[in-house]
Amino acid sequence: MESLFLKNFRNYLQQQVYFHPRVNIISGENGFGKTNLIEAVYYLSVTRSFRTSNDHELAGFPGRFFFIKGLFSKDEDKHLLQISYNENQLKVIIDNDRKKRFDHLCLFPVVVFSPDDLLIIREGPATRRRFINLHVSRLNQYYFQELRSYHRVLLQRNKLLKEKKNRRDLEKLLEPWDDSLIDHGCTVIRLRKEMIRLLAKEATPFFSRMTGQQEELSLEYIGSVDSEEDNADLQLLFRELLLKKREVEIRRQVTMVGPHLDDLSIIIDEKDSRKFSSQGQKRTAALALKIAEAKMLYKKNGKWPILLLDDVFSEFDNKRKERIIEFLSGIDSQCFLTSSIALDPFLMEMARNYKVFNVQRGVVRDEKDGDSC
Ligand SMILES: Nc1ncnc2c1ncn2[C@@H]1O[C@H](COP(=O)(O)OP(=O)(O)OP(=O)(O)O)[C@@H](O)[C@H]1O
Ligand SMILES: [Mg+2]
C-alpha cells in the first residue's frame, strides 16, 4: 500500500500518510491513534473492522460519517480504493467502479495480529469459528457463498422449529430444509477441515521456530458431524444425527447439529492451550495462526499480504522478539508495526532501514522528515 487518506475516521480529522513498501513502524503513546491507523488499512481491505462490527463507532465523534482512501499496488498496477460511510450507508469504490461490501475480500489481502487475537485461544468456540470463517473465505470465495447459504437455511430452519406446529406438519416442513442444511453444511465442514490441515502445516513450523524448537503446536477440527473414518459419508452421518436429535431440537426449538457448532482445538505439547498454556504461549500460538494465514495467502497469490502487527512485542520475551524480527526481515511483505515503547531496542534496529511514524493525538508525523504527513 502506497498511501492512505483519512477523513473523520476515529480520532483522525484529516490525515494523509505515505508508506514505506517494506516496514512501517508506528509509535506513539497510549490512546494517540496507532491502532486506529492500521484499523483503517484493514477496513479498506476487508470492509469490516477487526475491532468492531459497528461502522458507526469508526466515524469521528459525533459519528455520522467517515471516508478512507488508499492506493494499493498489485502486479505492476495501482488501484485506488475508496470507502465512505454516511449515516449507515456504505459506499465502496475501486478505481471508478462501485462494489458491494465484501466483494473484493480477496483483492488486497491484509492479515492483522492484535492483542485481541488472544481471544481466539481464550474464548469460546464462536471466536474461533469467526477466525476460521474469515480465513477460509479469503482463500476461497465459494466457501463464503456456501457459508452464507448455510446460515440462511439455518435461520429458516430455526424459525420453523419455533413455530408451534403439530408434529406431522413440522416434520414435513423440515424435510427440504434438512436437505439444504446437510448440503451446504457438508461443504462448509469439508472446506474448513481442508483449510485447517493446510493452516496447521504452516503454523506448526513457525511456532516451533518461535519457541526455539522447544514446544509443539497442533490444530484439530472438532466437528459436531464427524467420524474416525477418513472416507465416512458426511451427508449420511449428518442426516442420522439430525434424526437422532429430532426430539431435542423440537423441544429446544433450535438446530443442534451442524458446522455452526463446531470448534478448532489448539494444542500445545499435547495439552489444550485454552486451559493449560501461559499468556506468552497463547500469544505465540495466536501469532502462529496469523502468520500461517499470511503464508497461505502468499502461496495462493504469489505475494505476501500486508501484515498489520498491533503491539506485537508486548508480552513476548527478548528471544521471541528477536525471532519475530528475524522472520519479518526474511520475507518481502509490507508490514505495519505499532508500539507504544518509543525506544524498544528491537524496533530501533529495524527502524534504521525503514520508515518510522510518530502519532500524536490523531496526527501522524514522519520521524525522519519531521513533517506531519
Ligand atoms: N469514533 C471515534 N471518534 C473520535 N475518537 C475516537 C473514536 N474512537 C476512538 N477514538 C479515540 O481514539 C483513541 C484510541 O486510539 P487507538 O486505539 O488507535 O490508540 P493507540 O495509539 O493504539 O493506543 P494503545 O497504545 O493504548 O493501544 C482514543 O483516544 C479514543 O478516544
Ligand atoms: Mg493500540
Side-chain angles (χ1 to χ4, degrees), residues 1-6 9-12 15-46 48-52 57-58 60 68 70 109-120 279-280 283-284 286-287 289-291 293-294 304-318 320-329 331 333-369 372-373:
M1 178 182 210
E2 294 190 9
S3 65
L4 176 72
F5 175 77
L6 304 175
F9 183 85
R10 295 266 194 202
N11 67 337
Y12 291 97
Q15 180 71 57
Q16 174 80 56
V17 196
Y18 297 94
F19 295 121
H20 191 281
R22 275 286 286 115
V23 181
N24 296 275
I25 295 165
I26 298 153
S27 73
E29 292 175 28
N30 294 138
F32 274 9
K34 303 179 297 294
T35 306
N36 293 347
L37 196 69
I38 62 171
E39 187 181 27
V41 176
Y42 186 89
Y43 197 94
L44 273 177
S45 163
V46 182
R48 191 187 180 282
S49 163
F50 57 89
R51 296 206 284 189
T52 174
E57 287 172 29
L58 306 176
I68 322 173
V110 305
V111 169
V112 66
F113 175 70
S114 86
D116 282 352
D117 285 331
L118 209 58
L119 301 180
I120 298 175
Q279 185 86 348
R283 249 177 94 77
T284 312
L287 180 64
L289 289 178
K290 290 307 180 88
I291 296 296
E293 193 182 356
W304 282 91
I306 294 174
L307 291 178
L308 305 173
L309 304 172
D310 194 15
D311 248 332
V312 70
F313 287 147
S314 61
E315 288 182 56
F316 280 135
D317 59 40
N318 284 349
R320 288 184 194 204
K321 283 185 188 179
E322 231 170 86
R323 291 175 189 134
I324 294 172
I325 297 276
E326 197 186 88
F327 171 79
L328 293 176
S329 307
I331 61 174
S333 155
Q334 187 180 33
C335 323
F336 295 77
L337 295 117
T338 72
S339 171
S340 52
I341 310 163
L343 290 172
D344 187 305
F346 293 95
L347 274 182
M348 283 306 109
E349 185 56 35
M350 275 207 122
R352 256 190 269 162
N353 301 325
Y354 303 117
K355 219 166 178 175
V356 183
F357 300 95
N358 187 262
V359 179
Q360 281 188 21
R361 295 186 198 286
V363 177
V364 182
R365 276 170 206 285
D366 186 324
E367 283 276 273
K368 283 180 189 153
D369 295 350
S372 65
C373 299

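Since this is a predicted model, take the numbers as computed values, not measurements. Index from 1, following the sequence.
Side-chain atoms of Asp311 never come within 3.5 Å of backbone atoms of Ser314 as a donor-acceptor pair (strictly under, hydrogens ignored). For Asn24 (side chain) and Val356 (main-chain N/O), no donor-acceptor pair under 3.5 Å exists by modelled atom type. Of the possible donor and acceptor atoms, one in the side chain of Lys290 sits under 3.5 Å from a partner among the backbone N and O of Val112.
One distance of note links CZ of Arg22 with OG of Ser329; it measures 7.0 Å at 0.5 Å rounding. Rounding to the nearest 0.5 Å places OG of Ser340 at 11.0 Å from CZ of Phe32. Residue Tyr42 holds its OH atom at 9.5 Å from OG of Ser114, rounded to the nearest 0.5 Å. Of the inter-residue distances, the one linking Ile291 atom CD1 with Phe327 atom CZ reads 4.5 Å to the nearest 0.5 angstrom. Separation of atoms CD (Glu39) and CG (Leu44) is listed at 11.5 Å; rounding is to 0.5 Å. Distance check: Leu6 CG to Ile68 CD1 gives 6.5 Å after rounding to the nearest 0.5 Å.
Side-chain contact between Asn358 and Val364: absent, with no pair of heavy atoms (C-beta onward) separated by less than 4.5 Å. Residues Gln279 and Glu315 are in side-chain contact: their nearest non-hydrogen atoms beyond the backbone lie under 4.5 Å apart. With a 4.5 Å cut-off on side-chain heavy atoms, Lys34 and Phe357 do not count as touching. In this structure, the side chains of Leu309 and Thr338 stay at 4.5 Å or more apart for every pair of heavy atoms. Residues Asp310 and Pro115 meet the side-chain proximity criterion, which asks for heavy atoms closer than 4.5 Å. Gln334 has its side chain out of reach of Leu307: every pair of non-hydrogen atoms, C-beta onward, lies at least 4.5 Å apart. Contact annotation: the side chain of Val41 approaches that of Met1 to within less than 4.5 Å [non-hydrogen atoms, C-beta and beyond]. At a threshold of 4.5 Å between non-hydrogen side-chain atoms, the residues Ile26 and Leu337 do not count as touching.
The two atoms that bring Gly280 and Thr284 nearest to each other are O-OG1, 2.6 Å, heavy atoms only. Between Leu4 and Ala40, the shortest heavy-atom contact is CD2-CB, 4.3 Å. In plain terms, the two heavy atoms of Arg51 and Arg10 that are nearest each other are NH2-NE, 3.8 Å. Nearest approach of Gly31 to Asn11, heavy atoms of both residues: O-ND2, 4.2 Å. The two atoms that bring Gln16 and Phe5 nearest to each other are OE1-CD1, 3.6 Å, heavy atoms only. Pro305 approaches Ser333 most closely through the heavy-atom pair O-OG, 3.0 Å.
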Check against side chain to side chain contact (heavy atoms under 4.5 Å, CB included), Lys355 and Val23 = CA-CA 6 Å; Lys355 219 166 178 175; Val23 181; over 6 Å; no
Quick one: do Ser27 and Val359 satisfy side chain to side chain contact (heavy atoms under 4.5 Å, CB included)? Show the steps, please.
-> CA-CA 6 Å; Ser27 73; Val359 179; over 6 Å; no
So Tyr12 and Asn36, side chain to side chain contact (heavy atoms under 4.5 Å, CB included) or not? Walk me through it.
-> CA-CA 8 Å; Tyr12 291 97; Asn36 293 347; 3.7 Å; yes
After noting the C-alpha distance and the side-chain angles of Val111 and Ile306, does the key distance pass the side chain to side chain contact (heavy atoms under 4.5 Å, CB included) rule?
-> CA-CA 6 Å; Val111 169; Ile306 294 174; over 6 Å; no
Evaluate the side-chain hydrogen bond (donor to acceptor under 3.5 Å, both in side chains) criterion for residues Asn318 and Arg323: first the C-alpha distance (whole Å), next the side-chain angles of each, then the deciding distance (0.1 Å), finally the verdict.
-> CA-CA 9 Å; Asn318 284 349; Arg323 291 175 189 134; over 6 Å; no
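If you look at Phe50 and Tyr43, their ring centroids are not closer than 6.0 Å.
A cation-pi arrangement is found for Arg283 relative to Phe316, the charged atom lying closer than 6.0 Å to the ring centre and inside a 45° cone about the ring normal.
The environment of Glu29 atom CD is sparse: at most 12 non-hydrogen atoms of other residues, nucleotides or ligands sit within 6.0 angstrom.
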